[in-house]
Trainee: 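Could you have a look at this structure, given as structure tokens, before my questions?
Keep in mind the model is a prediction, meaning the values are calculated, not measured. Letters A, B, ... mirror the listed sequences (proteins, then strands); counts begin at 1. Computed from heavy atoms alone, side chains included, the values below leave out hydrogens, waters and symmetry copies.
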There are 2 protein chains.
Amino acid sequence: MYSIQEVSQRTGLSAHTLRYYEKEGLISGVERTPGGFRQYSDEDMEALGLICCLKNTGMPLQEIASFLTLTRRGDQTLEERVNMLRAHRENVLTRMEEMRRYLEKVTWKLEYFTRKLEAYQNDGGDGETR
Amino acid sequence: MYSIQEVSQRTGLSAHTLRYYEKEGLISGVERTPGGFRQYSDEDMEALGLICCLKNTGMPLQEIASFLTLTRRGDQTLEERVNMLRAHRENVLTRMEEMRRYLEKVTWKLEYFTRKLEAYQNDGGDGETR
DNA sequence: TATTGACTTAGAGTAAACTTTAAGGATTAG
DNA sequence: CTAATCCTTAAAGTTTACTCTAAGTCAATA
């Protein structure tokens with residue numbers, strides 16, 4: 001079992017954010033000490049791993065919350081979850097491909113500017129304030 | 001010369017967004033008709049192309065604005081611009097690699113759930129509400 | 001000429017994902 | 001025991017990037 005601080009360090013999410021995620025329904029059923037402190041189980045950590053994974057590939061928190069709500073409803077929601085993941089995966093692949101194309105253009109621009117800079121420097125643009 | 005509607009269609013940015021970008025200093029010096037309507041030149045279109053490119057690779061609008069402000073100051077800012085682009089390119093590459101790793105994990109999860117779903121369906125989970 | 005529809009501005013409103021604040025209760029090192 | 005630290009909730013505030021509204025101006029057409 002892990003305290004909220006430990007979980008924060010392991011996941012890179014702030015304690016604030018962890019509570020926020022709980023409020024938003026991303027995680028639920030986190031155990032508490034008699035004093036009311038959160039105690040995260042390994043299962044919770046597992047779920048948080050998936051949350052980060054989906055978040056970092058651009059899934060909105062609301063959709064992540066839906067996904068994890070389905071997970072809690074058990075195997076009868078497997079098909080829906082598979083569909084969600086499949087759609088998400090396609091989206092990510094599309095975005096990555098788009099990104100790759102845009103990055104190519106950035107690379108060309110960079111090369112163009114680099115050549116232009118060299119020309120400018122060789123041409124006496126350096127420090128010559130005459 | 002293009003009207004704001006034409007530019008909107010060509011760039012995929014709404015007319016609202018185009019005016020917003022102007023207000024935020026991303027573009028400037030857009031010509032006007034006697035009546036005050038915006039008339040975008042090919043140069044403006046060129047700049048908008050770069051803006052979209054940088055935006056779609058995740059550069060914040062503020063930074064894009066800085067970049068284009070430097071561009072307007074001319075060749076003496078070439079070095080700074082090259083540095084910005086280089087740094088941006090590195091960031092994008094890093095993010096893409098991170099993305100790739102996260103997507104891999106999503107793919108595993110998807111495969112795992114798919115197998116689990118098949119097992120569930122073959123096991124009579126289909127419509128049997130008994 | 002009248003009307004439709006696109007354009008103008010300033011400024012308010014929205015959505016997502018936090019982040020901070022306020023006010024106070026619990027736990028632990030010394 | 002007590003100070004320091006960590007925890008609690010509810011709610012307000014922040015940032016980014018739009019998006020919309022209101023009130024009015026301009027242009028083309030029937």
Side-chain angles (χ1 to χ4, degrees), chain A residues 1-41 44 47-48 50-69 88 91-92 95 98-99 102, chain B residues 1-41 44 47-48 50-68 88 91-92 95 98 102:
Chain A
M1 299 300 251
Y2 314 91
S3 76
I4 200 166
Q5 274 316 307
E6 282 168 332
V7 176
S8 170
Q9 279 163 13
R10 278 161 182 265
T11 59
L13 301 166
S14 76
H16 282 303
T17 301
L18 287 166
R19 288 186 210 108
Y20 168 69
Y21 281 3
E22 200 171 321
K23 200 173 70 183
E24 297 298 305
L26 275 81
I27 26 177
S28 80
V30 176
E31 280 187 54
R32 303 296 182 106
T33 62
F37 288 18
R38 284 175 183 77
Q39 291 274 275
Y40 293 83
S41 67
D44 294 327
L48 282 168
L50 182 56
I51 285 167
C52 288
C53 200
L54 295 175
K55 191 189 72 156
N56 288 318
T57 47
M59 188 184 281
L61 293 194
Q62 275 204 16
E63 207 177 321
I64 301 177
S66 302
F67 187 91
L68 288 166
T69 301
H88 178 60
N91 288 342
V92 177
R95 259 189 311 114
E98 196 188 89
M99 198 91 153
Y102 280 117
Chain B
M1 300 299 251
Y2 316 90
S3 76
I4 200 165
Q5 272 317 307
E6 283 168 332
V7 177
S8 170
Q9 278 163 15
R10 278 161 182 265
T11 59
L13 301 167
S14 76
H16 282 305
T17 301
L18 286 166
R19 289 189 207 104
Y20 168 68
Y21 281 4
E22 200 171 321
K23 202 172 69 182
E24 297 297 306
L26 275 81
I27 25 178
S28 79
V30 177
E31 279 187 54
R32 301 297 181 106
T33 63
F37 288 17
R38 285 174 182 79
Q39 291 273 275
Y40 293 84
S41 67
D44 293 329
L48 282 168
L50 181 57
I51 285 168
C52 287
C53 200
L54 295 175
K55 190 190 73 157
N56 289 317
T57 47
M59 188 185 279
L61 294 194
Q62 275 203 15
E63 208 177 319
I64 301 178
S66 302
F67 188 90
L68 287 166
H88 179 59
N91 288 343
V92 177
R95 258 191 311 115
E98 195 188 272
Y102 279 118

Trainee: For B:I4 and C:dG5, give me the distance from atom CD1 to atom C1', rounded to whole Å.
Mentor: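 Checked: the CD1 to C1' distance equals 15 Å.
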Trainee: May I have the distance from A:L26 (atom CG) to C:dA16 (atom P), rounded to whole angstrom?
Mentor: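 The distance from CG of A:L26 to P of C:dA16 comes to 13 Å, rounded to the nearest Å.
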Trainee: Got a second to check how far A:Y20's OH is from A:L61's CG, nearest 0.5 Å?
Mentor: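 The CG atom of A:L61 is 5.5 Å from OH of A:Y20, to the nearest 0.5 Å.
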Trainee: Donor-acceptor pair, B:R95 side chain versus B:T57 backbone, under 3.5 Å?
Mentor: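 Yes, because the side chain of B:R95 sits within donor-acceptor range (under 3.5 Å) of the backbone of B:T57.
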Trainee: First and last nucleotide of DNA chain D touching chain B, 5' to 3', heavy-atom cut-off 4.0 Å?
Mentor: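 First-to-last contact on DNA chain D, by the 4.0 Å heavy-atom rule, is D:dA17 to D:dA27.
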Trainee: Could you give the distance from OG (A:S3) to CD (A:Q9), rounded to the nearest 0.5 Å?
Mentor: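 The CD atom of A:Q9 is 8.0 Å from OG of A:S3, to the nearest 0.5 Å.
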Trainee: Atom CG in A:L48, atom OH in A:Y40: separation rounded to 0.5 Å?
Mentor: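 It is 7.0 Å, given to the nearest 0.5 Å.
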Trainee: Assign A:R19 to base, sugar-phosphate, or nothing according to its heavy-atom contacts below 4.0 angstrom with the strands shown.
Mentor: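 It contacts base atoms.
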Trainee: Would you kindly compare B:A15 and A:F37 by the position of their nearest DNA chain C nucleotide and give the one closer to the 5′ end?
Mentor: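 On the 5' side of the pair lies B:A15.
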Trainee: Answer yes or no: are there more than 12 heavy-atom neighbours, outside A:Q62 itself, under 6.0 Å from its atom CD?
Mentor: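 No, because the 6.0 Å sphere around CD of A:Q62 holds 12 heavy atoms or fewer from other groups.
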Trainee: Short question: side chain of A:S8, backbone of A:L13 - any donor-acceptor pair under 3.5 Å?
Mentor: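 Yes.
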Trainee: Output a table of donor-acceptor pairs, distance under 3.5 Å, between side-chain atoms of residues 23-32 of chain B and any protein atom two or more places apart or on a different chain; print 'none' if there are none.
Mentor:
from, atom 1, to, atom 2, distance (Å)
B:S28, OG, B:R72, NE, 3.3
B:R32, NH1, B:G36, O, 2.9

Trainee: Are the side chain of B:D44 and the backbone N or O of B:S41 linked by a donor-acceptor pair below 3.5 Å?
Mentor: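 Yes, the answer is positive, given that a donor and an acceptor are paired below the 3.5 Å cut-off.
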Trainee: Please report the distance, rounded to the nearest Å, between CD in A:E63 and C1' in C:dA16.
Mentor: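 Going from CD in A:E63 over to C1' in C:dA16 covers 14 Å.
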Trainee: To the nearest Å, give me how far apart CD (A:Q5) and P (C:dT27) are.
Mentor: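 In whole Å, C:dT27 P and A:Q5 CD are 16 Å from each other.
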Trainee: All N/O contacts under 3.5 Å from nucleotides 17-21 of chain C to the protein, with atom names and distances to one decimal?
Mentor:
from, atom 1, to, atom 2, distance (Å)
C:dA17, OP1, A:L61, N, 3.4
C:dA17, OP2, A:L61, N, 3.1
C:dC18, OP2, A:Y21, OH, 2.6

